Number of protein chains: 2
Amino acid sequence: MADREDTPVKATATSARVIEALLELESATITELDDHLPHSKSTIHSHLETLEQLGFVVRDNWAYQVSLRFLEIGSVARNRYPLYQPGVSEVRQLATASGLVASLVVIERQRGICLYTAMGKKSDRSFGDPGETLPLHCTAPGKALLAVMAPEDVDSIIDGHGLREYTENTLTSRAALDEELQDIQSRGIAFNREEWREDVRGIAAAVEGKTGSPVGAISVRSPTDTMSGKRFQQDIPGLVISSANRLRKALRSER
Amino acid sequence: MADREDTPVKATATSARVIEALLELESATITELDDHLPHSKSTIHSHLETLEQLGFVVRDNWAYQVSLRFLEIGSVARNRYPLYQPGVSEVRQLATASGLVASLVVIERQRGICLYTAMGKKSDRSFGDPGETLPLHCTAPGKALLAVMAPEDVDSIIDGHGLREYTENTLTSRAALDEELQDIQSRGIAFNREEWREDVRGIAAAVEGKTGSPVGAISVRSPTDTMSGKRFQQDIPGLVISSANRLRKALRSER
DNA sequence: GTGGGTTTTTCGGAATGAGGGAATACTTCT
DNA sequence: AGAAGTATTCCCTCATTCCGAAAAACCCAC
């Protein structure tokens, strides 16, 4: 979220700010938006009316909200990923086999983004909604993806986002991260030991395209008590690796 | 898609047109967009650069595409619906029990919109993506919703959209539709007998809020050969009705 | 019903920014 | 290297965005 004032088309940026404010407030009136935005009420009113006519915003009396149009467009964006269709069934199977939360993650706009999440028996759905972003340097799928990326791309991402410390386990030095990525690269699997959130461990494997560039990662996560010992070191990693292998094969046969 | 030239903020409408063109073309260059849009290349370039900076569009060299940001925002829009969370598990259960495709549908912007779709054993995923719109007058969930709406709202929807004929079974006269809605209202269940697409039958029940206004519908659909006779008349309708009842109860206990 | 407080919507005017066309930079193929 | 096609920049003009204030709509209590 750097400077967003230098866009060529300012009015579109204003509309985007209105949408963003609607996201934060869930549902808002014009006066509420007026408090959260550096614009006059009449301006906000114009943009809301425009966005409503275009179908991006719905109003219930005086409460404005973002519409499901975003979901429709988002579905198109998601279906574009060749990983998606074969990934869904693979993630479901992985969730069932492990009993944990399994996700499909891709990289877009230098961020990790969740495409799909399936839940196993003993999992609570705390996060992992489609479209949700997750940091790359301190999650299992994020690190798995970084490990197969071109070094210059990794540099540009780390330079842009830094290595924010989420927990005491977060790797915050570039050297430590590089060493870890080397490790992940040689083993073909990435671990997250409560580096992002307390009491959440994760395991992930990246899936590369034919050029070696990453197309996504498949991952599972769970509270620490269900992810420790041999289960964390061998059993679950085995499931993840074979899922990733099946996915690679499915992708290769498709195109 | 009526006149969209009279929006207060024209630049936002232009950006929306660019996004829409990107949806149709899946992925496009500036010159391709130039052919599909009544704007100069420099204008299109400005809007694409703006949309990219705002995160709504991504580019891979010269191919522009809509981004997963829409999915993220769409998720927020979807989670706003109180029907969604309890509906997902109900739809899954219904899909498993029936072996067919089950969906959760709501009304927004005078259209039926699919919130979630689950698939049973013998179902192919031909349509039903989240965010997908479906006509109201010739689908089971659509008719179920119309049947519990206030008459004036039904009028305004029919007036706005008409009764387009999709197949020879589509109800195209207002009188026939009204009679059908009456029927649905008294039975509490709606049927679609290939009125929208050939060889697709559907069954749905609406879920009303405390004020009687509809909050959504739960439905199943399948090719005709698996939906006929007693199965179509009794077995599946029974499953749908009990699902809807459980959903009503779940909604009532939540708030 | 009637009226006050609140919120939305309309209206005009001034400054700015959107948009078109042509020129330039870039990439890719021959 | 040259050519063809593409993206990007530049500049100028007219339309438009944006604001502030006034008007209208709405909700509440009385």
Side-chain angles (χ1 to χ4, degrees), chain A residues 3-22 24-67 109 150 152-153 211 213, chain B residues 3-22 24-54 56-67 109 150 152-153 156 211 213:
Chain A
D3 40 66
R4 52 213 330 192
E5 302 305 293
D6 55 347
T7 58
V9 185
K10 316 264 165 118
T12 297
T14 305
S15 283
R17 266 191 296 270
V18 170
I19 288 169
E20 219 155 298
L22 280 181
E24 285 174 21
L25 301 171
E26 289 264 316
S27 164
T29 67
I30 289 186
T31 32
E32 282 173 323
L33 288 169
D34 189 35
D35 297 340
H36 287 251
L37 291 170
H39 296 281
S40 73
K41 280 187 190 178
S42 59
T43 298
I44 296 171
H45 177 256
S46 294
H47 282 269
L48 283 173
E49 196 177 321
T50 302
L51 290 168
E52 189 193 2
Q53 278 188 50
L54 296 171
F56 291 109
V57 156
V58 291
R59 62 188 294 187
D60 182 62
N61 259 335
W62 287 301
Y64 288 87
Q65 305 186 321
V66 293
S67 84
R109 291 171 286 141
E152 65 263 28
D153 292 337
T211 66
S213 58
Chain B
D3 39 67
R4 54 223 318 203
E5 302 304 294
D6 54 347
T7 58
V9 184
K10 316 268 166 103
T12 297
T14 304
S15 283
R17 266 192 297 271
V18 171
I19 289 169
E20 218 154 300
L22 281 181
E24 284 175 22
L25 301 171
E26 289 263 316
S27 164
T29 67
I30 289 185
T31 32
E32 282 173 323
L33 288 169
D34 189 34
D35 297 339
H36 287 252
L37 291 170
H39 296 280
S40 72
K41 279 189 192 176
S42 61
T43 299
I44 295 171
H45 178 257
S46 293
H47 282 268
L48 284 173
E49 197 176 321
T50 302
L51 290 168
E52 190 192 3
Q53 279 189 49
L54 296 171
F56 291 108
V57 157
V58 290
R59 62 188 292 188
D60 182 64
N61 257 334
W62 287 305
Y64 289 87
Q65 305 186 321
V66 294
S67 84
R109 292 170 286 142
E152 64 263 28
D153 292 339
S156 120
T211 65
S213 59

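Order of the sequence lines sets the chain letters (A, B, ...), proteins ahead of strands, with each chain counted from 1. Scope of the values below: all heavy atoms of this structure, side chains included, with no hydrogens, waters or symmetry mates. Everything numeric in this text was worked out from a predicted model, so none of it was measured.
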> Using a cut-off of strictly less than 4.0 Å between a heavy atom of the residue and any atom of DNA chain D, enumerate the qualifying residues of residues 27-37 of chain B by number.
B:Thr29, B:Ile30, B:Thr31
> Quick one: pull up NE2 in B:His36 and CG in B:Leu22 and give me the separation to the nearest 0.5 Å.
11.0 Å
> Is any side-chain nitrogen or oxygen of B:His45 closer than 4.0 Å to OP1 or OP2 of D:dA7?
no
> Could you please spell out the steps behind the side-chain contact (heavy atoms from CB on, under 4.5 Å) verdict for A:Ile30 and A:Leu48?
CA-CA 9 Å; A:Ile30 289 186; A:Leu48 283 173; 3.7 Å; yes
> Kindly write out the residues that satisfy side-chain contact (heavy atoms from CB on, under 4.5 Å) with A:His39, not counting sequence neighbours, or none if the list is empty.
A:Thr14, A:Arg17, A:Leu37, A:Thr43, A:Ile44
> Using the C1' atoms of the five pairs at each end, what is the angle between the end axes of the helix from C:dG1-D:dC30 to C:dT16-D:dA15, to 10°?
20°
> Who are the side-chain contact (heavy atoms from CB on, under 4.5 Å) partners of A:Ser42, not counting sequence neighbours?
A:Ser40
> Nearest heavy-atom pair of B:Thr12 and A:Ser15: which atoms, and what distance?
OG1-OG, 2.7 Å
> What is the minimum heavy-atom distance between B:Leu54 and A:Ala16, and which atoms define it?
CD1-CB, 3.8 Å
> Look up atom CD1 in B:Ile19 and atom CD in B:Glu24, then write down how far apart they are to the nearest 0.5 Å.
13.0 Å
> Check A:Gly55 against A:Ser67 and note the closest heavy-atom contact, atom names and distance.
O-OG, 2.7 Å
> Restricting to non-hydrogen atoms, name the atom on B:Leu33 and the atom on B:Ala21 that form the minimum distance, rounded to 0.1 Å.
CD2-CB, 3.6 Å
> Within the 4.0 Å limit for protein heavy atoms, which parts of nucleotides 14-21 of chain D are touched? Write it as a string from 5' to 3', B for base, S for sugar-phosphate only, - for none.
--SSSBB-
> Please list, in 5' to 3' order, the outermost nucleotides of DNA chain C lying under 4.0 Å from any heavy atom of chain A.
C:dT7 to C:dA18
> Have a look at A:Thr31 and tell me which of A:Asp34, A:Thr29, A:Asp35 forms a side chain to side chain donor-acceptor pair (under 3.5 Å) with it.
A:Thr29
> Looking only at heavy atoms, what is the nearest atom pair of B:Val9 and A:Thr50, with distance?
N-OG1, 3.0 Å
> Can A:Val57 and A:His47 be said to form a side-chain contact (heavy atoms from CB on, under 4.5 Å), step by step?
CA-CA 10 Å; A:Val57 156; A:His47 282 269; over 6 Å; no
> Hey, which sits more toward the 5' end of DNA chain C by its nearest nucleotide, A:Tyr64 or B:Asn61?
A:Tyr64
> Shortest non-hydrogen contact from B:Glu26 to B:Gln65?
O-CG, 3.8 Å
